[in-house]
2 protein chains.
Amino acid sequence: MHRGCEDCAVRDRAVCAPLDDAELAALSKLGRRRRLRRGESVVFEGDDNAVCANVLSGVLRVNATTPAGREQTVALLYPADFLGRPYARSSTHSVTALTDAELCVFPRTLFERAIGDCSPLENQLLRRTLDDLDRSRHWMMLLGRKSAGAKVASLLVDMAERLAPGGGAFDLPLTRGEMADVLGLNIETVSRQLTRLARDGVILLRGRRGIALLDSHALGERAEAA
Amino acid sequence: MHRGCEDCAVRDRAVCAPLDDAELAALSKLGRRRRLRRGESVVFEGDDNAVCANVLSGVLRVNATTPAGREQTVALLYPADFLGRPYARSSTHSVTALTDAELCVFPRTLFERAIGDCSPLENQLLRRTLDDLDRSRHWMMLLGRKSAGAKVASLLVDMAERLAPGGGAFDLPLTRGEMADVLGLNIETVSRQLTRLARDGVILLRGRRGIALLDSHALGERAEAA
DNA sequence: AACCGAGTTTGATCACGGTCAAAGCGCGCC
DNA sequence: GGCGCGCTTTGACCGTGATCAAACTCGGTT
């Protein structure tokens, strides 16, 4: 068996979760671990779309570029998330590490064959893709209809759920500029909204990346406001 | 076999395309045709998520509602598109007909069983969902980063590809207000942008719904502008 | 410990798109 | 054919968030 499947940090949450030992053994032969430094890319927009992967640790972003050259982050990837685009020759997005990260990488065509050979894998990937689609559409609502204040609050709620499920303090994996790319805002607007949340006692900012949610309820309300 | 599978208008483009005769026969026992009048809904947000369907004819929209009550259209559905959310108890979106439409409807749980029993169906649905995700993410870029003028031009290009692949004139399936819901704009802004495109000779508006693309190239350029 | 640079904050101003209001027009209806 | 409703257009004004510019701060490096 692939070195480490048995001690994989996301064994029961990643797309491999429903596989039995034999299926896992077959799949693990195709994959290998890969470490990424903050800023490194796995997939380049327009490039040959060569890999799929599971996120083992770290946070990554999936980006699209407008014809005019502006960046829009279309998804954030956290541990146990699946990354890649099976069944497409080239990728329409780029994937970059926002923090140091570790992946379990599969060559795309081999992974596609594994999908065909292993029905639980195919079904799990379908369910995940449907979830991703729901999330993507939910985020469209945010981009199209929410104010800057509600956008920033929504992102903080979202990240806190992933990174500090118990509530409380955590480190932001994104710079202000990266948050702006997610929210369809610019860097100054993000900064102003964060400053305002801090001034109002909803959050507490410590240094560049430290944040604590002092009043999650108020933050939730702001995330839902027009 | 289900009345009409053999003369189905989207037999070779819908999610059933890769099925052989036996598989198609099994699936067709579960489905039945349903006509919708413009404005009728199939799935209600938060409702019991009871059905999946293929679009046979017409145009539908998939909508999300902000907590504040504003509408955002997150997808448009054209003939041969798949509609519904397998594997979820309740739906997070509502689906409404923008024109009179005809569907091939399946009870959700039976369709899920069919997915499990029929691997080509599962694979085709996976491929489609991945395509939908790409489209959704592409649209996020539009919502987050494009100007009002570029948004309206993009929507026209998109609809023309679907409704008048040869180019030329067609009828808009959406009112100005519905276009606004798709683009994250308001109705007046949509109207002004259309008027401007017409004044500049890029399009020609005839009545409320008629439109002709006079200069597709210029329209494409405007769709790509910042 | 001081320096340096990237990232962040703050401020002033501007413009795009939203809001409010009213007139116009297409289209189905009687 | 004329009426009336609902969608659309146009106009005036306003506000949010973008842009431009400059000061500041954190954090890593020598």
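Throughout, protein chains are lettered first and strands after them, A, B, ... in sequence-line order, and every chain is numbered starting at 1.
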I'd like to know whether Ser90(B) forms a side chain to side chain donor-acceptor pair (under 3.5 Å) with Asn49(B), so could you lay out the CA-CA distance, the side-chain angles of the two residues, the decisive distance to 0.1 Å, and finally the verdict. CA-CA 5 Å; Ser90(B) 64; Asn49(B) 174 26; over 6 Å; no
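Rounding to whole angstrom units, CG of residue Leu172(A) and C1' of dT8(C) are separated by 13 Å. A straight line from CG of Leu183(B) to P of dG18(C) spans 10 Å, rounded to a whole angstrom. Counting to the nearest Å, the P atom of dC24(D) and the CG atom of Leu205(A) are 20 Å from each other. Protein atom CZ of Arg206(B) is 17 Å distant from nucleotide atom P of dC25(C), rounded to whole Å. Following rounding to the nearest Å, Met179(A) (CE) and dG7(C) (P) show an atom-to-atom distance of 15 Å. Whole-Å rounding puts the Asp181(A) CG to dA18(D) P distance at 12 Å. Taking atom CD1 of Ile187(B) as the reference point, atom P of dT10(D) lies 13 Å away to the nearest angstrom. One interatomic measurement links the two molecules: CG of Leu194(A) to P of dG7(C), which rounds to 16 Å at whole-angstrom precision.
With DNA chain D read from its 5' end, the first of the two nearest nucleotides for Gln193(A) and Arg209(A) is the one closest to Gln193(A). Take the nearest nucleotide of DNA chain C for Glu188(A) and for Arg38(A): the residue whose nucleotide is more 5' is Arg38(A). Each of Gly207(B) and Arg70(A) has a nearest nucleotide on DNA chain D; the 5'-most of these lies closest to Gly207(B).
Residue Ser191(A) has its side chain nearest to dT8(C) when only dG18(C), dC20(D), dT8(C) are considered. Here the side chain of Arg208(B) is nearest to one of dA12(D), dC27(C), dG17(C), namely dC27(C).
With hydrogens and angles left out, the side-chain atoms of Thr65(A) and Glu45(A) include a donor and acceptor closer than 3.5 Å. Between Ser41(B) and Ser94(B), the side chains place no donor N or O within less than 3.5 Å of an acceptor N or O (distance only, hydrogens not considered).
Below the 3.5 angstrom threshold, one finds a donor paired with an acceptor across the side chain of Arg192(B) and the base of dT19(C). For Glu178(B) against dC7(D), a side-chain-to-base donor-acceptor contact under 3.5 Å is absent.
Cation-pi geometry between Arg127(B) and Tyr87(A) is met: the NZ or CZ atom falls under 6.0 Å from the ring centre, inside 45° of the normal.
Among the atoms of the strands shown, only primed sugar atoms or phosphate atoms (P, OP1, OP2) are found under 4.0 Å from some heavy atom of Leu185(B). Residue contacts for Gly184(A): at a heavy-atom cut-off of 4.0 Å it reaches the sugar-phosphate backbone alone, with no base atom in range. When heavy atoms are screened at a 4.0 angstrom cut-off, Arg176(A) is found touching the sugar-phosphate backbone but no base atom.
Distances shorter than 4.0 Å separate some side-chain N or O of Thr195(B) from OP1 or OP2 on dT10(D). Remark: Asn186(A) is not in phosphate contact with dG17(D), judged by side-chain N or O atoms under 4.0 Å from OP1 or OP2. Proximity of Thr189(B) to the phosphate of dG18(C): a side-chain N or O atom is located under 4.0 Å from OP1 or OP2.
Other residues, nucleotides and ligands contribute at most 12 non-hydrogen atoms within 6.0 Å of the CZ atom of Arg35(A). Few gaps surround CG on Asp47(A); more than 12 heavy atoms of other groups in view lie less than 6.0 Å from it.
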